Structures are given as C-alpha cells and as structure tokens.
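Contents: one structure, followed by commentary.
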Amino acid sequence: MLKQLGIPMSNAISLFLRQVVLQRGIPFDIKLSENKPLTFESLNEKTFNDEIEKGLADLTAGRITSADRVTEKMRQDYGK
C-alpha cells in the first residue's frame with residue numbers, strides 16, 4: 001500500500017512516530033475485535049435465514065473447504 005502511495009517505509013514510520021509525539025500517544029484507536037461466534041440462541045429468524053443463505057452461497061461458489069481437507073493440509077504442513 002505504501003508503494004502505491006509513493007511513500008517509502010522509512011518515511012511512513014517517521015510520520016507515525018511524529019504523530020505519536022504530537023498526539024502524546026498512538027494516533028489511532030486500538031480495540032479488540034467484537035467478533036464473537038454466532039449462537040443459535042442469539043439469532044432472530046431473519047438473521048438466521050441470512051446466515052444460512054450466506055453459507056449456501058459460499059457452498060455454491062466453491063468458497064468452502066472440507067474438514068477432511070483442512071486436516072490433510074495441517075498434517076502436510078505440521079507433520080502430524
């Protein structure tokens with residue numbers, strides 16, 4: 001991204017450090033993600049149906065990986 005903006009990495013770091021000094025802290029919010037796994041109990045009917053539709057769309061488009069394939073890949077990568 002920096003290359004696309006025409007900013008060398010060293011300049012980007014210098015800009016960041018200057019902002020730390022000027023703002024007397026990190027120049028942006030740092031937050032933990034609010035992402036939590038969905039539970040059936042937390043979904044209303046519309047949200048549940050929307051999630052099912054997303055899953056079916058991923059399945060149809062081939063954007064899924066089977067658990068067996070994930071296990072196979074982990075064994076290849078980590079030798080277990």
Side-chain angles (χ1 to χ4, degrees):
M1 180 176 286
L2 292 174
K3 186 175 183 178
Q4 290 175 342
L5 293 170
I7 301 173
M9 176 73 74
S10 59
N11 288 21
I13 293 170
S14 293
L15 289 169
F16 169 75
L17 293 174
R18 285 187 193 134
Q19 285 300 307
V20 168
V21 171
L22 289 171
Q23 297 193 26
R24 300 180 56 139
I26 303 292
F28 49 83
D29 289 339
I30 299 175
K31 298 178 183 179
L32 293 175
S33 174
E34 292 282 331
N35 292 339
K36 295 179 184 173
L38 294 176
T39 61
F40 179 76
E41 295 80 18
S42 71
L43 302 175
N44 61 34
E45 185 175 354
K46 181 186 179 331
T47 306
F48 175 79
N49 289 334
D50 290 346
E51 289 300 317
I52 294 295
E53 290 295 326
K54 282 194 269 183
L56 290 172
D58 285 343
L59 181 62
T60 302
R63 292 185 299 255
I64 63 159
T65 302
S66 70
D68 290 338
R69 177 66 187 117
V70 171
T71 302
E72 178 186 324
K73 179 75 171 128
M74 288 177 69
R75 285 189 178 131
Q76 289 173 353
D77 291 350
Y78 302 106
K80 293 211 172 204

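Fair warning: this is a prediction, and the values are worked out from it, not measured in the lab.
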Between [X] and [Y], is there a shared hydrophobic cluster once you connect ILVMFWY residues whose side-chain heavy atoms come closer than 4.5 Å?
X: V20; Y: M9; answer: yes
X: L15; Y: I30; answer: no
X: I26; Y: V21; answer: no
X: I13; Y: L22; answer: no

Check your understanding: Quick one: are L2 and P8 in side-chain contact, heavy atoms under 4.5 Å?
Key ->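 Contact flag for L2/P8 side chains = no.
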Check your understanding: Are there more than 12 heavy atoms of other residues, nucleotides or ligands under 6.0 Å from atom CZ of R24?
Key -> no
Review point. Does atom CD of E45 have more than 12 heavy-atom neighbours from other groups under 6.0 Å away?
Key: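 Atom CD in E45 is not packed in, count stays at 12 or less.
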**Study point:** Geometric class of the F48/F40 ring pair [parallel <30°, tilted 30-60°, perpendicular >60°]
**Key:** perpendicular
**Study point:** Interatomic distance, I52 atom CD1 to L43 atom CG [nearest 0.5 angstrom]
**Key:**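 Result: 9.0 Å between the selected atoms.
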Practice item. May I ask you to say whether E51 pairs ionically with K54, meaning some side-chain N is under 4.0 Å from a carboxylate O? Key: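 Here E51 pairs with K54 in a salt bridge, since their nearest N and O are under 4.0 Å apart.
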Exercise for review: Flag the pair D50 and K46 as a salt bridge only when some basic side-chain nitrogen lies within less than 4.0 angstrom of an acidic carboxylate oxygen.
Suggested key: yes
Practice item. Start with the C-alpha gap between R69 and E72, add the side-chain angles, then the distance that decides, and say whether salt bridge (charged side-chain N to carboxylate O under 4.0 Å, His left out) holds. Key: CA-CA 5 Å; R69 177 66 187 117; E72 178 186 324; 3.3 Å; yes
Exercise for review: Compare every heavy atom of L59 with every heavy atom of I64, then report the nearest pair and how far apart it is.
Suggested key: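 Shortest heavy-atom separation between I64 and L59 comes out as CD1-CD1, 3.1 Å.
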Practice item. Can you see which heavy atom on A12 is nearest to which on I7, and at what distance? Key: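 Closest heavy-atom pair between A12 and I7: N-CG2, 3.8 Å.
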